[in-house]
Amino acid sequence: SQKIEQNSEALNIQEGKTATLTCNYTNYSPAYLQWYRQDPGRGPVFLLLIRENEKEKRKERLKVTFDTTLKQSLFHITASQPADSATYLCALPENQAGTALIFGKGTTLSVSS
Amino acid sequence: NAGVTQTPKFQVLKTGQSMTLQCAQDMNHNSMYWYRQDPGMGLRLIYYSASEGTTDKGEVPNGYNVSRLNKREFSLRLESAAPSQTSVYFCASSGGQKGNYEQYFGPGTRLTVT
């Protein structure tokens, strides 16, 4: 079965720096990969989706890359701000291209001013 | 649009009691999902409904049942609650059609079983 590893439970950076979060998967290459943000006491909020034939996707200060050879996605937040502090979750389809997702355990990002 | 709504927000049950968690979405989505989130375990899929009239087991279905009442509503039932079911439960929905995979989550139900 597919396993997801987000290999940093916590990441602390200074305001203005670029945060880079990693998501690795172990089994089949999924048709797409998603990133979500979760604030304490709230449900996850969708940020970005990248498909298997896309190398990179951008949205404002966010950038996601997808390397099917390495079985890895990187999530970057440039010019980070304290408001970016949250837990970021990586998610893949439960089977290769379905709609049900499995989630990584998340990386908690803290941006200090 | 309210998006995804869940009731109740908080619940305390005694072991062996039953309850139903309600979820509704107003985005005309085909697919709906129930997850539980526990410290150190992340979000885990309990059941999902890819379309009205269908339901499928996720990673952790034992002890739960679901009903897709109509396109808008998807309920999760605990027939005999156990302390191991203490968790935060999230409902989510997605378009379900090819290309519309992003999920929209409700605010969660915080359940404690004593």
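Every chain is numbered from 1 and lettered A, B, ... according to where its sequence line falls, protein lines coming before strand lines. As the structure is a prediction and not an experimental result, all values here were calculated from the model.
- Proximity to chain A (any heavy atom under 4.5 Å) is restricted, for B/Q37, to the side chain, taken from C-beta onward.
- One hydrophobic cluster, built from ILVMFWY side chains closer than 4.5 Å, holds both A/L21 and A/V64.
- For chain B, no part of A/L48 is nearby; none of its heavy atoms comes within less than 4.5 Å.
- Between B/Y35 and the choices B/F74, B/Y89, B/F105, the ring-ring contact (aromatic ring centres under 6.0 Å, His included) rule is met once, by B/F105.
- Only the side chain of B/R110 comes within contact range of chain A, with at least one heavy atom under 4.5 Å from a heavy atom of that chain.
- Checked for salt-bridge contact, A/D67 and A/K55 miss the test: no charged N lies under 4.0 Å from a carboxylate O.
- Contact annotation for A/E9: neither backbone nor side-chain heavy atoms come within less than 4.5 Å of a heavy atom of chain B.
- Highest contact tally toward chain B, considering only A/P44, A/G41, A/G43, is held by A/P44 [criterion: heavy-atom pairs under 4.5 Å].
- At a 4.5 Å heavy-atom cutoff, the contact between B/L43 and chain A is made by backbone and side-chain atoms alike.
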Take A/E15 and A/K17 through the test salt bridge (charged side-chain N to carboxylate O under 4.0 Å, His left out) and record every step on the way to the result.
CA-CA 6 Å; A/E15 185 175 7; A/K17 302 290 187 187; over 6 Å; no

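- The aromatic ring centroids of B/Y33 and B/Y47 lie 6.0 Å or more from each other.
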